[in-house]
Number of protein chains: 2
Amino acid sequence: MTRKAVAVKRRAYHHGDLKNALVVAALELIATKGARALSLREVARATGVSHASTYRHFPNKESVLATIAEQGFRELTQRMRDAALQSPSDPLKSLHRVGLAYVAFGVAHPHHLQIMFGDLITSHAAYPSLLEASSAAFEILASCVRAGQKAGLVRESEERLVSLAAWSQVHGLALLIASGQIAPKGSAPLQPDKLADAVLYLLQTGLAAPRQ
Amino acid sequence: MTRKAVAVKRRAYHHGDLKNALVVAALELIATKGARALSLREVARATGVSHASTYRHFPNKESVLATIAEQGFRELTQRMRDAALQSPSDPLKSLHRVGLAYVAFGVAHPHHLQIMFGDLITSHAAYPSLLEASSAAFEILASCVRAGQKAGLVRESEERLVSLAAWSQVHGLALLIASGQIAPKGSAPLQPDKLADAVLYLLQTGLAAPRQ
DNA sequence: ACCTGAACACCGTTCAAGT
DNA sequence: ACCTGAACACCGTTCAAGT
């Protein structure tokens, strides 16, 4: 970076957007080195600022991660909402599309998934806006389930259980894909969205063979 | 710890079981402070040995975690196998029981789950015996699926996809429970095994309402 | 109001040296 | 063969001091 670029950056922080600049720098570092390797000192270095100044904007490292997690939940919610709205009159299709969107988000942003659901944030309860953002995502799914039940297309079990089953399914699949745990076992590697499609189909119809 | 106890410990390490003692100490620390807070120096301290001596037995910190992850997969496999064998002639019930066993393992050992599936181990491929242990667990599930298909009780989709759907389902549920992400939303908190039971039932029958 | 340098108490890892 | 002390290059966090 040229001396001028540094000067420009420096000027910007006095404008009050250092907080944002730190988050952006953190995201860049996470993208290249992974979330666990993130260090606040490196974030400060990359932003051209002293390492102590991060503490003017965040009480600690975890709260930077909480901010990132919250952004992740907001984007996830957006994707799920868009997916649900694509077939407003077909709740089963909505549910399927929402699941695909969830898996696609995980594949596109594995580091976010890790920050959102891993153990880097000790207690989500310490960040009310994070909790709010995550339940907003869950709410999209739950409302698809309710719509499906109202239309008589989704099983009339307790809504919470049906939602949880759907959530677990897409969550598990997204994590297994994002963490590279899916063993191809010699056969041709399947595309994540093909996998998700097949798995979501099975979720809808069940693993048991249809009775003759 | 008394001076004598230290002396006894010290003697033991010269017997060649320091490697094991380090893993045991690591597990204790993880149980109380979480996997991410583990430090090799603290493990050495708890074992009464210099911090440098851990490097006689493990190339680095990650390989300690890989050892723990491998043990986790072996116990998980054992639990799944026991569950499968409880109803050898009813593959659907086996599948259900194996799923319950998976979730029960996760609830009992959330830290193991985190080490086994989180990002603390950068690349599982670097530890062949770890890979082997994890595919053994998956294999239990896959063999239940095959048995079910052979008996005409499980849908005749590609076996890998059906197995993956079942794996994702129990994996997602176990992680959501273990990470405390399940929002009770005011209603009475359900027991993990009740949840798992209901979710696995839905996996078997599908979310879609049965056609009239 | 916002940023900095120095300091504290930690890390993981290496390596020459000890028994 | 196995263990240790000292050293290196890092951390997160705090705090008095600077503009």
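- Residue A/His51 places a side-chain atom within donor-acceptor reach of the base of D/dT13, judged by atom type and a 3.5 Å distance cut-off alone.
- Scanning for side-chain contact (heavy atoms from CB on, under 4.5 Å) contacts around A/Gln71 gives A/Val23, A/Leu27, A/Thr67, with sequence neighbours left out.
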For B/Tyr55 and B/Leu40: C-alpha separation, side-chain torsions, deciding distance, then whether side chain to side chain contact (heavy atoms under 4.5 Å, CB included) applies. CA-CA 10 Å; B/Tyr55 289 86; B/Leu40 275 196; 3.8 Å; yes

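- A/His111 meets the side-chain contact (heavy atoms from CB on, under 4.5 Å) test with A/Ile30, A/Gln114; sequence neighbours excluded.
- Counting only residues at least two apart or on different chains, no ring pair (Phe, Tyr, Trp, His ring centres under 6.0 Å) pair has a member in residues 18-48 of chain A.
- Every residue meeting the side-chain contact (heavy atoms from CB on, under 4.5 Å) condition with B/Arg41, not counting sequence neighbours, appears here in chain and number order: B/Ser39, B/Arg45, B/His51.
- Rounded to whole Å, the distance from CG on B/Leu22 to P on D/dC2 is 13 Å.
- Contact annotation: the side chain of A/Gln169 never approaches that of B/Leu207 to less than 4.5 Å [non-hydrogen atoms, C-beta and beyond].
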Every protein N/O within reach of nucleotides 16-19 of chain D N/O, cut-off under 3.5 Å:
none

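- Rounded to whole Å, atom C1' of D/dA1 lies 15 Å from atom CG of B/Asp17.
- In this structure, B/Asn60 atom CG and C/dT14 atom P are separated by 8 Å, rounded to whole Å.
- Nucleotide D/dA1 holds its P atom 17 Å from the CG atom of B/Leu18, rounded to whole Å.
- At D/dT4, one or more side-chain N or O atoms of B/Ser53 fall inside 4.0 Å of OP1 or OP2 (strictly under the cut-off).
- Annotation: ring pair (Phe, Tyr, Trp, His ring centres under 6.0 Å) contacts involving residues 62-88 of chain B, sequence neighbours excluded, comprise B/Phe73-B/Phe117.
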How does DNA chain D look in dot-bracket notation if pairs are Watson-Crick or G-U with both distances under 3.5 Å, crossing ones as [ ], other-strand ones as |? ||.|||||...|||||.||

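- Against DNA chain D, the stretch residues 61-69 of chain A makes heavy-atom approaches under 4.0 Å through A/Lys61.
- Counting all heavy atoms, side chain and backbone alike, A/Leu130 lies closest to A/Ala66 at CD1-O, 4.2 Å.
- Within residues 29-42 of chain B, the residues that have a heavy atom under 4.0 Å from DNA chain C are, in order of number, B/Leu38, B/Ser39, B/Leu40, B/Arg41.
- One finds no salt bridge joining A/Glu139 and A/Arg81 here, because no Lys/Arg side-chain nitrogen approaches an Asp/Glu carboxylate oxygen to under 4.0 Å.
- When the side-chain nitrogen and oxygen atoms of A/His57 are compared with OP1 and OP2 of C/dC2, none of them lie within a distance under 4.0 Å.
- Among residue pairs with one or both ends in residues 120-129 of chain A, those qualifying as side-chain hydrogen bond (donor to acceptor under 3.5 Å, both in side chains) are A/Glu62-A/Thr122, A/Glu62-A/Tyr127, A/Glu70-A/Ser129; sequence neighbours excluded.
- For B/Phe58, there are no ring pair (Phe, Tyr, Trp, His ring centres under 6.0 Å) partners two or more places apart in sequence or in a different chain.
- Taking every side-chain heavy atom of A/Ser50 into account, C/dG5 is the closest of D/dT4, D/dC11, C/dG5.
- Counting only heavy atoms from C-beta outward, the side chains of B/Val162 and B/Gln149 approach each other to under 4.5 Å.
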Please tabulate, for side-chain N and O atoms in residues 95-103 of chain A, each donor-acceptor pair with protein atoms closer than 3.5 Å (sequence neighbours left out).
unit_1   : atom_1 : unit_2   : atom_2 : d
A/His96  : NE2    : A/Asp197 : OD1    : 3.0
A/Arg97  : NE     : A/Gln86  : OE1    : 3.3
A/Arg97  : NH1    : A/Ser87  : OG     : 2.8
A/Tyr102 : OH     : A/His171 : ND1    : 2.8

